[in-house]
Amino acid sequence: MLTTFAADLVETYLLAVDDRALGFQQIEEMAARLDGEFSFRVDVAVNHMRARQKLLGDLYPFEVHPFAVKKHASAETSPYVTLLTLSPEGLSRKLFDVRAIEKAAVEFERLIAVAIRGLSGTGSESIRFGWPSEVGRPMEFPEAMSWLSSLMGIRLGRGFRPPRRKDGGVDIISWRKFQDGKSAFPIFLVQCTIQSDLLKKADDIDLRNWAYWLDFSRDPQPVLAVPHEISGQDETWNELGLKCLVLDRPRILELLRDATNAGHIYTNDNSRLLAEARTFVESR
């Protein structure tokens with residue numbers, strides 16, 4: 001198992017038990033019970049948790065001690081835990097049915113709609129462009145593009161807007177206008193996914209199509225957002241980086257902190273997913 005997913009498993013297990021802390025021997029026993037479903041080395045997982053703690057600081061809701069790992073009292077409400085439960089290869093995802101995955105995908109998009117504002121800071125705006133919409137987006141794609149054009153203050157392009165399109169491969173749109181009112185301001189087109197096939201998802205945003213639909217003064221920045229951590233040594237990271245800006249779990253948390261400091265607040269509730277995780281762990 002990859003190092004990142006091994007750390008995810010220990011974190012999820014720690015959340016699923018009543019104890020605030022787990023000794024390494026307890027984690028070894030858990031690993032033995034899960035053998036055949038998940039296989040990992042406890043020392044590798046714990047070392048990666050230690051690296052996450054160093055990288056994320058107070059954004060990380062766990063602590064690694066010499067002989068144990070510990071969760072913070074507020075861990076269950078942490079955005080980190082939201083991303084952990086949504087990650088495609090993790091323990092929690094084994095509990096999702098199709099409907100739960102659909103709901104989880106929307107929850108992830110809502111989180112990213114806040115976090116993406118951390119890229120541009122104060123004065124930035126963002127909307128969840130996917131359907132169904134809670135922000136007033138018309139259902140039909142041509143009308144949705146007209147609505148978006150008006151909202152962003154950008155003229156419609158001259159290209160055909162197919163009625164059968166849903167979102168044009170874009171889940172979140174974010175932009176930052178300047179006080180001078182001039183065009184050519186930064187725009188981010190974000191594809192969010194909680195699935196494993198990242199390279200395919202990175203191709204969903206076709207900037208040529210969007211240039212036909214909206215009259216951009218400069219090309220938008222395509223972005224792929226994922227709830228898990230992608231290792232910088234992973235070849236997938238390098239391939240994705242050639243296609244778009246990649247936001248994985250550590251980057252999303254950093255942006256969410258910046259967005260919060262700028263007054264954009266994300267609230268979440270992980271109680272249902274964690275209750276299901278506890279049931280899964282207790283059955284082993």
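We number each residue from 1, following the sequence as shown.
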Could you walk me through whether Leu224 and Leu247 pass the side-chain contact (heavy atoms from CB on, under 4.5 Å) check? CA-CA 6 Å; Leu224 179 70; Leu247 302 180; over 6 Å; no

Using side-chain heavy atoms (C-beta onward) and a distance below 4.5 Å, is [X] in contact with [Y]?
{"X": "Ile172", "Y": "Ile127", "answer": "no"}
{"X": "Val46", "Y": "Arg41", "answer": "no"}
{"X": "Glu140", "Y": "Pro142", "answer": "yes"}
{"X": "Phe216", "Y": "Ile187", "answer": "yes"}
{"X": "Phe185", "Y": "Trp175", "answer": "yes"}
{"X": "Ile205", "Y": "Lys243", "answer": "no"}
{"X": "Val246", "Y": "Trp237", "answer": "yes"}
{"X": "Ser87", "Y": "Arg249", "answer": "yes"}

Tyr60/Tyr80 aromatic ring centres below 6.0 Å: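 Under 6.0 Å, so yes.
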
At their closest point, which heavy atom of [X] faces which heavy atom of [Y], and how far apart are they?
{"X": "Ser149", "Y": "Arg155", "value": "OG-C, 3.7 Å"}
{"X": "Ala115", "Y": "Leu255", "value": "O-CB, 3.3 Å"}
{"X": "Glu239", "Y": "Leu199", "value": "OE1-CD1, 3.5 Å"}
{"X": "Pro227", "Y": "Pro88", "value": "CG-CD, 4.3 Å"}
{"X": "Trp131", "Y": "Pro138", "value": "CZ3-C, 3.7 Å"}
{"X": "Val135", "Y": "Trp147", "value": "O-CZ2, 3.5 Å"}

Can you measure from [atom1] ([X]) to [atom2] ([Y]) and round to the nearest 0.5 angstrom?
{"X": "His228", "Y": "Ile252", "atom1": "NE2", "atom2": "CD1", "answer": "9.5 Å"}
{"X": "Leu83", "Y": "Leu253", "atom1": "CG", "atom2": "CG", "answer": "5.5 Å"}
{"X": "Lys70", "Y": "Leu14", "atom1": "NZ", "atom2": "CG", "answer": "10.5 Å"}
{"X": "Arg165", "Y": "Phe160", "atom1": "CZ", "atom2": "CZ", "answer": "10.0 Å"}
{"X": "Asn209", "Y": "Leu214", "atom1": "CG", "atom2": "CG", "answer": "11.5 Å"}
{"X": "Asp171", "Y": "Glu109", "atom1": "CG", "atom2": "CD", "answer": "4.0 Å"}

Any link between [X] and [Y] through a network of hydrophobic side chains (Ile, Leu, Val, Met, Phe, Trp, Tyr) touching at under 4.5 Å?
{"X": "Leu245", "Y": "Leu256", "value": "yes"}
{"X": "Ile112", "Y": "Val106", "value": "no"}
{"X": "Leu189", "Y": "Met145", "value": "yes"}
{"X": "Ile154", "Y": "Phe188", "value": "no"}
{"X": "Leu84", "Y": "Val42", "value": "yes"}

Do Phe129 and Leu148 pass the side-chain contact (heavy atoms from CB on, under 4.5 Å) test, and can you show the C-alpha distance, the side-chain angles, and the key distance before you say yes or no? CA-CA 9 Å; Phe129 190 63; Leu148 182 61; 4.0 Å; yes

For Val81, the option from Leu15, Asn268, Thr12 that meets side chain to side chain contact (heavy atoms under 4.5 Å, CB included):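 Running side chain to side chain contact (heavy atoms under 4.5 Å, CB included) over Leu15, Asn268, Thr12 with Val81 returns exactly one hit, Leu15.
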
Sole candidate of Gln53, Arg20, Lys71 that passes side chain to side chain contact (heavy atoms under 4.5 Å, CB included) when paired with Glu63: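 When side chain to side chain contact (heavy atoms under 4.5 Å, CB included) is applied between Glu63 and each of Gln53, Arg20, Lys71, only Gln53 qualifies.
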
Name of the residue among Ser126, Ser174, Ser124 meeting side chain to side chain donor-acceptor pair (under 3.5 Å) with Arg117: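 The passing option is Ser126.
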
Flag the pair [X] and [Y] as a salt bridge only when some basic side-chain nitrogen lies within less than 4.0 angstrom of an acidic carboxylate oxygen.
{"X": "Glu134", "Y": "Arg128", "answer": "yes"}
{"X": "Lys201", "Y": "Asp204", "answer": "yes"}
{"X": "Arg50", "Y": "Asp43", "answer": "no"}
{"X": "Glu229", "Y": "Arg52", "answer": "yes"}

Evaluate the criterion side-chain contact (heavy atoms from CB on, under 4.5 Å) for residue pair Val223 and Gln191; output intermediate values, then yes/no. CA-CA 6 Å; Val223 181; Gln191 167 64 225; over 6 Å; no

Could you check whether Arg110 makes a cation-pi contact with Tyr266, meaning its NZ or CZ is under 6.0 Å from the centre of the six-membered ring and within 45° of the ring axis?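 Not flagged: Arg110 not positioned over aromatic ring of Tyr266.
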
Assess Arg176 against Phe178: is NZ or CZ under 6.0 Å from the centre of the six-membered ring, and within 45 degrees of the ring's axis?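 Satisfied, under 6.0 Å and within 45°.
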
Working note: Thr82 + Leu111, criterion side-chain contact (heavy atoms from CB on, under 4.5 Å); need CA distance, chi angles, decisive distance, verdict. CA-CA 9 Å; Thr82 303; Leu111 186 155; 4.0 Å; yes

Greater than 12 external heavy atoms within 6.0 Å of Gln221's CD: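 Above 12, so yes.
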
Around Tyr212, counting heavy atoms of other residues, nucleotides and ligands shown, do more than 12 lie under 6.0 Å from its OH?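 For Tyr212, atom OH is not crowded (no more than 12 foreign heavy atoms under 6.0 Å).
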
Excluding sequence neighbours, so at least two apart, what forms ring pair (Phe, Tyr, Trp, His ring centres under 6.0 Å) with Phe141?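 Phe141 satisfies ring pair (Phe, Tyr, Trp, His ring centres under 6.0 Å) with Trp213 once adjacent residues are dropped.
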
For the backbone of Gly168 and the side chain of Trp210, can you confirm whether one donor and one acceptor N or O come within less than 3.5 Å of each other?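 Yes, because the side chain of Trp210 sits within donor-acceptor range (under 3.5 Å) of the backbone of Gly168.
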
Any side-chain donor paired with an acceptor under 3.5 Å for Ser217 and Ser183?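 The criterion, which ignores hydrogens and geometry beyond distance, is satisfied for Ser183 and Ser217.
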
